[in-house]
Colleague: 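Please find one structure pasted underneath; my questions will follow.
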Amino acid sequence: MNINRMNKQHPFILLSILYLISNILLLFVHGIFWDDWTLYHDAKAIEQQFFHGNGAIILGYVHLFLQGLACNTILLYRILILLIGWGCVLSFYKILKTSFKIDDSASFYIAALYATFPLGYAHMTMICLPYQIGLLLQLLAIQIFTISKNKFNLAIYLLFFFIQFCASLFLVSNIVIWGGLLLFFALQVTWSKRDFCIGYIKLVLNKLIRLSKYYLPCIVFWIIRNIYFMPVGVYQEGGYNSFSLYKFALIPINIIKSINNTLYFTTIQIPDILNSYLFIIIGIIMFVLFKYVIKPTTHINNETKTTCIHYITIILLYIFSIGAYVAVGLVQTFNSISDRHAILIILTICPLIYYSVNLIIKTELKRCVLIFILSIMSTYSISQYWEAIYQSQRNDAIINYFSNTKLPEGNVFVNEGKNNTKTGSCFYSWSALHYHATGKQDKCFATSNNTKYYDSIDYLTEVYHQKDAKAGEPTVQIDIIKEIEKILDN
């Protein structure tokens, strides 16, 4: 099949190529990062302590099921993450065309931006797999909603109800973004009415009333969640993911922080790539390759117009995408484990980039600019996986060190130096690596950025799962960087 025909008839194939080129290295990431440590304790601890404690007991059962499917559970998780992400790309493209009725050119490029967008480090972790399942289910629910909205059928509605309920279960923030989307669909039929009047408001309200049945799954889930799936124990005492007047007052500030972090991340990718000759070469290769496979005849439509409506819609959906997070005091930080809070934001960043380029550039240069952006994003994605692969080797070295070095009695202070990694090397992940190497749960580890939990036996047993550890300040210090370098050099 020639490239022109593939561009014209099979955008799914081309989007799949872009996605796999940008993300296939995920399969070579074998490290245990961040909260993945919870999956390396006994099933009772997972079920009753961690997941029951933070109100995510259903997700605990999902992990227990996956843990029993294969010997190499790390590879299983990474395959599932890759396939789910692939499904999200194709579903997103379908939604842009059918639900949002965006033209072929814009739909393709927005989906292509999503296919190559650097998804960050949290999505590589095993513990965040349910969030990505929730995202895919939400995208599927939107497609079924579109079918049901056009021609209501009880069976289709019940299918939508089930999928939307599950989407909310796996990713609670879907409740907020779905509300924002329903508002958009209520307003969508009135874009052509220029006069803002009482009649306009009545049309919107009537439309919202008719669409309200599609929000019912979220309401039902929210009621069940508040009855059965709320945090308990030290998680409840610590206000884990809970609302408060203080957090509510900080919402405007947190929205500003979120926007600032988003703008910062989208502008640092080029400077970061320029710091490495290897990634400069990869970026050039990506640009040439993408320019070859994305032909101008099909996927650039100079008639596509960018209006203020596009920006208003994107900004509103952006706010809804972060609404559930900022309401409980969480702000996404890209290029860190906190980029898990950006899982919905990316869906709004990609159309914003496309429509901005479309507004500024009206010539054939537009295609080159978009392909340049795609090549930068793809290269940055590859650089993130490259870093994670290195950190996987680092984890192997740490486990090797713990396996061959008997540490003195007492809790441990780890001197990480500048090697505190983006992949979530935090104080409790050291406990997991020690347990993975020795099978013992008799130590807690402190790092320079966290030393505050060692007088609390509740945190040692309920959060840490270090059942044989004793409360108290660290009495042992290790310079782990020097030890890791020795092992990696060999």
Side-chain angles (χ1 to χ4, degrees), residues 12 15 19 51 55-63 65-66 77 79-101 107 111 114 119 123 128-186 188 207-229 317 320-321 323-325 340 343-348:
F12 279 6
L15 289 172
Y19 173 78
F51 291 104
I57 186 65
I58 300 297
L59 305 189
Y61 287 125
V62 172
H63 285 295
F65 172 74
L66 293 174
Y77 271 84
I79 291 173
L80 288 175
I81 292 168
L82 186 71
L83 293 177
I84 290 170
W86 192 355
C88 287
V89 170
L90 302 183
S91 296
F92 187 44
Y93 172 73
K94 186 74 173 177
I95 287 168
L96 291 170
K97 289 192 63 177
T98 59
S99 301
F100 288 88
K101 303 187 185 308
S107 295
Y114 180 67
L119 298 176
H123 96 284
C128 286
L129 175 64
Y131 302 157
Q132 295 168 70
I133 295 174
L135 175 59
L136 179 59
L137 289 173
Q138 183 62 68
L139 295 174
L140 292 175
I142 295 172
Q143 294 180 64
I144 297 172
F145 158 79
T146 303
I147 297 171
S148 179
K149 178 173 68 76
N150 293 334
K151 186 177 181 180
F152 184 81
N153 177 282
L154 182 59
I156 294 176
Y157 175 76
L158 291 176
L159 177 62
F160 163 81
F161 189 102
F162 175 74
I163 294 178
Q164 182 61 53
F165 181 89
C166 292
S168 303
L169 176 67
F170 281 91
L171 185 60
V172 179
S173 54
N174 279 332
I175 294 175
V176 179
I177 189 65
W178 180 234
L181 285 169
L182 285 176
L183 177 61
F184 166 78
F185 290 124
Q188 192 178 37
K207 187 68 174 179
L208 281 173
I209 291 171
R210 290 197 298 272
L211 293 177
S212 61
K213 59 180 174 289
Y214 294 103
Y215 197 69
L216 189 58
C218 298
I219 297 174
V220 173
F221 166 74
W222 188 252
I223 293 172
I224 294 174
R225 178 181 183 274
N226 280 276
I227 296 174
Y228 298 108
F229 302 138
L317 291 179
F320 278 108
S321 72
Y325 299 103
R340 66 191 184 279
I343 188 169
L344 296 173
I345 293 175
I346 299 171
L347 298 175
T348 64

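Index from 1, following the sequence.
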Colleague: What distance do Leu140 atom CG and Ile163 atom CD1 have between them, rounded to the nearest 0.5 Å?
Modeller: 6.0 Å

Colleague: Which pair of heavy atoms, one from Asn174 and one from Gln138, lies closest together, and at what distance?
Modeller: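 Answer, listing the atom of Asn174 first, then Gln138: CB-OE1, 3.2 Å.
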
Colleague: About how many Å separate CG of Leu183 and NZ of Lys207, when rounded to the nearest 0.5 Å?
Modeller: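 Lys207 NZ to Leu183 CG: 12.5 Å, rounded to 0.5 Å.
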
Colleague: Return the minimal non-hydrogen interatomic distance between Ile156 and Ser148, and the atom names on each side.
Modeller: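 Ile156 and Ser148 have their closest heavy atoms at CG2-CB, 3.8 Å.
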
Colleague: Of all heavy-atom pairs between Leu171 and Leu135, which one has the smallest distance, and what is that distance?
Modeller: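 Looking at all heavy atoms of both residues, the shortest contact is CD2-N, 4.1 Å.
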
Colleague: Could you grab the distance from atom NZ of Lys94 to atom CG of Leu90, nearest 0.5 Å is fine?
Modeller: 11.0 Å

Colleague: Evaluate the ring planes of Phe12 and Tyr93, with Trp represented by its six-membered ring, and classify them as parallel (under 30°), tilted (30 to 60°) or perpendicular (over 60°).
Modeller: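 It falls in the perpendicular class, over 60°.
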
Colleague: Parallel, tilted or perpendicular for Phe221 and Phe165, by the 30°/60° rule?
Modeller: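 The arrangement is perpendicular - the two ring planes meet at more than 60°.
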
Colleague: Would you check if the side chain of Thr146 reaches a backbone N or O of Ile142 as a donor-acceptor pair within less than 3.5 Å?
Modeller: yes

Colleague: Gln132 and Ile84: which non-hydrogen atoms are nearest, and at how many Å?
Modeller: O-CG2, 3.4 Å

Colleague: Let me confirm one number: the OH-CD distance from Tyr215 to Gln164, rounded to the nearest 0.5 Å.
Modeller: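 Here the rounded value is 8.5 Å.
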
Colleague: Kindly check if the number of other-residue, nucleotide or ligand heavy atoms within 6.0 Å of CZ (Phe152) is above 12?
Modeller: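 More than 12 heavy atoms, drawn from other residues, nucleotides or ligands, come within 6.0 Å of this atom.
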
Colleague: With a 6.0 Å cut-off on ring centres, are Tyr19 and Tyr114 close enough?
Modeller: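 No; Tyr114 has its ring centre 6.0 Å or more from that of Tyr19.
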
Colleague: Specify the closest pair of heavy atoms between Phe92 and Ala111, including all atoms of both residues, with the distance to one decimal.
Modeller: CD2-CA, 4.2 Å

Colleague: Working to the nearest 0.5 angstrom, can you tell me the gap between Leu119 CG and Cys128 SG?
Modeller: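 Spacing of CG (Leu119) from SG (Cys128) equals 12.0 Å.
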
Colleague: Out of curiosity, Leu169 CG to Ile175 CD1, how far, rounded to the nearest 0.5 Å?
Modeller: 9.5 Å

Colleague: How about Phe185 and Phe145: are their ring centres within less than 6.0 Å of each other?
Modeller: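 Between Phe145 and Phe185, which both carry aromatic rings, the centre distance is below 6.0 Å.
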
Colleague: On a heavy-atom basis, which atom in Phe160 and which in Pro217 lie closest, and how many Å separate them?
Modeller: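 Smallest heavy-atom distance, with atoms named: CE2-CG, 4.1 Å.
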
Colleague: Indicate yes or no: at least one non-hydrogen side-chain atom of Ile144 is less than 4.5 angstrom from one of Phe161.
Modeller: no

Colleague: Leu181 and Tyr214: side-chain contact (heavy atoms from CB on, under 4.5 Å), yes or no, with the steps?
Modeller: CA-CA 11 Å; Leu181 285 169; Tyr214 294 103; over 6 Å; no

Colleague: From the options Ser91, Cys166, Ser168, select the one residue that forms a side chain to side chain contact (heavy atoms under 4.5 Å, CB included) with Leu137.
Modeller: Cys166

